[in-house]
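Heavy-atom basis, side chains included; hydrogens, waters and symmetry copies ignored.
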Amino acid sequence: MIHIGEQIRKQVEEQGKTSVWLARELGCHRTNLYKIYDKSSIDTSVLMRISRILGYDFFRLYTNELCSE
């Protein structure tokens, strides 16, 4: 099972970005971003925004999991 919050946090770190930067890009407070990091699932519209901001297709993680079953 994919824990999307952990995947988002990992991608932020791999890109050398900060949580403060991503929160600013999303237009939210960093404490709200930390709540996203803790979630195993999030709304698809939020995931789309994060994907666009980071330039990373998080939806592919789900597709890959479906294909590996």
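- The heavy-atom pair separating E25 from R49 by the smallest distance is O-NH2, 4.4 Å.
- A cation-pi geometry, defined here as NZ or CZ lying under 6.0 Å from the six-membered ring centre and within 45° of its normal, holds between R60 and Y56.
- The CD1 atom of I36 sits 4.5 Å away from atom CD1 of I50, with the distance rounded to the nearest 0.5 Å.
- Taking CZ of F59 as the start and CG of L47 as the end, the distance is 4.0 Å to the nearest 0.5 Å.
- Interatomic distance, K17 NZ to R24 CZ, rounded to the nearest 0.5 Å: 10.5 Å.
- The two residues C28 and L33 have their closest heavy-atom pair at SG-N, 4.3 Å.
- Taking the side chain as every heavy atom from C-beta outward, L26 and N32 never approach each other to under 4.5 Å.
- Counting non-hydrogen atoms of other residues, nucleotides and ligands closer than 6.0 Å to CZ of R30 gives a total of 12 or fewer.
- Here L54 contributes atom CG and L22 contributes atom CG; the two are 5.5 Å apart, rounded to the nearest 0.5 Å.
- Q7 and Q11 are not linked by any side-chain donor-acceptor pair at a separation below 3.5 angstrom, with hydrogens and angles left out of the test.
- Considering all non-hydrogen atoms of both residues, D38 and H3 come closest at O-NE2, 3.3 Å.
- Residues W21 and Y34 share a hydrophobic cluster, clusters being chains of Ile/Leu/Val/Met/Phe/Trp/Tyr side chains in contact below 4.5 Å.
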Which is it for L61 and I4 under the side-chain contact (heavy atoms from CB on, under 4.5 Å) test, yes or no, and what are the steps along the way?
CA-CA 9 Å; L61 299 173; I4 196 64; 4.2 Å; yes
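- For the atom pair NZ of K39 and CD of E6, the computed distance is 14.5 Å after rounding to the nearest 0.5 Å.
- Across all non-hydrogen atoms, the minimal contact from S40 to Y62 is O-OH, 4.2 Å.
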